[in-house]
Amino acid sequence: MTELHRLTLAELNEGLRARRFSSVELTKHFLARIERLNPALNALITVTGDQALAAAQRADQQLASGEAGALAGLPLVHKDIFCTDGVLTTCGSRMLSNFVAPYDATIVERLSQAGVVMLGKANMDEFAMGSSNETSYYGPVKNPWDLKKVPGGSSGGSAAVVAGRLAPVATATDTGGSIRQPAALTGLTGLKPTYGRVSRYGMIAFASSLDQAGTLTFTAKDAALVLRDMAGFDPRDSTSVDTPVPDYVAALDQPLAGLKIGLLKEFFEGLEAATAQLIREALQVYERLGAKLIEVSLPNLPLSVPTYYVVAPAECSSNLSRFDGVRFGHRCENPKDLLDLYKRSRGEGFGAEVKRRIMTGTYVLSAGYYDAYYLRAQKVRRLITDDFARAFQQVDVLMGPTSPTTAFDIGAKVDDPITMYLNDIYTIGANLAGLPAMSIPCGSIGGLPVGLQIIGPHFGEAKLLNVAHGYQNETLWHRDIPKGYE
Ligand code: GLN
């Protein structure tokens, strides 16, 4: 039998249902890998071994009695941004390093009901602010493809967990690229759904108008399997949209003949030659499947990064004001008075990048600068959204690179926030416009993976997954496993 960690989630699901192995066996297998491989990767903050084995036993009983949920017995790791009842939930911050959540996030609850077995909580950039997983209070995560390199961020722990085969799926969040960029840098399939498709209830807020939960998996089919149970209306999240959840798995095999693919002109200008070549080769696969390539231009797209770095900090400065040393998390020792309590609790609890964002956000929202920065950014955001809407009148999906570079060295960009922010130059547009987008592996440069980005119209997840699955039927990049993790 193939080693269990080499199988996709869909294959593991079939194996469990055919009783070729039990959930307890599967869970023990992954827990042993976590014990052996996580010390070098630093991908998990918390491992919930006993809880996992108890859940696996329950799943085995349900599988035996025929009452099992769609994902019964499948191991999973949650990004540590999702509240998990009775389990430490840190958001990668000292501020929450003592916070045991008193309830489950909606997606945690839904996936548990579907039968998944949570193995633990993944490391991440502090409050999901970062592109390299170096802002975490718990230390940097290493990329399984090369331990000297970053895995991307902010969902770097989730990505390293799946790429290192410590779990077949991890949840993640994407505010400006934090699912897709780590997927690209670690050779995974990353899916960021439409804003409002997946509930944000119990997901610690960074920038509420941009944040969206999704998955990191080996394949598009695996993502379809998980999204079916994650997605859907939630009355506890007022931005969650009440539209039916299609059967994403059933839609995977639609033929791609006649598919209209828009190539984003702005994404190819200045793109490094080796990456451009791999993207072109991926596009040729689609052409062989009968797709048509059409060049499209989104003239306002180059304004995405500056727009995002006004909107996201503005929202984060407001969201993070709840961490005051009174109600949640870190509280300083012996405060002199209330102001001292606020100042020192926040000063000690937050790291440098989070403080930089709070200060930027407070500045752009201040009375004297609101019109010049925040209001203007909102207007540009609308222009970018309109650009995308026009493009989708012509084409079914848009394609381009996910990240301007492959995984870079740990430490290489930490002292240069602007260079770090430019990692998300290709991903942020989809967040500003609320669109669903994916990254799938499409080759490697010098042994490091490269991602192809696919962006769809609102609620176009089924089409995106279908398009990604079609490519994965023709290629084997998604089956590559880093050396030492086979
Ligand atoms: N890298 C971006 C940032 O630092 C995006 C982060 C994210 O998507 N959570 O804000």
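The model shown is predicted, which means the values in this text are computed figures rather than measured ones. Note that ligands are numbered from 1 as they come in the structure, with each ligand's atoms numbered from 1 the same way. One is the number of the first residue; the rest follow in order along the sequence.
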Problem set entry | Reported CG-to-CG distance for the pair Asn300 and Asp386, which is rounded to 0.5 angstrom | 8.5 Å
For this session: Only pairs at least two apart or in different chains count here, so list each salt bridge (Lys or Arg N to Asp or Glu O under 4.0 Å) that has a residue in residues 406-418.
Result: Lys149-Asp409
Exercise. Do Phe268 and Tyr426 make the cut of ring centroids closer than 6.0 angstrom?
Worked result: no
For this session: Step through it carefully: locate the ring centre of Tyr363, locate the ring centre of Tyr370, and say whether they are under 6.0 Å apart.
Result: no
Problem set entry | Spatial distance of atom CZ (Phe30) from atom CG (Leu76) [nearest 0.5 Å] | 11.0 Å
Problem set entry | Protein residues that have a heavy atom under 4.0 Å from any atom of ligand 1, sorted by chain and number | Ala128, Met129, Gly130, Ser131, Ser154, Asp174, Thr175, Gly176, Gly177, Ser178, Phe206, Tyr308, Tyr309, Arg357, Asp424
For this session: Grab the two heavy atoms, one from Leu185 and one from Ser403, that are nearest each other, plus how far apart they are.
Result: CD1-OG, 3.7 Å
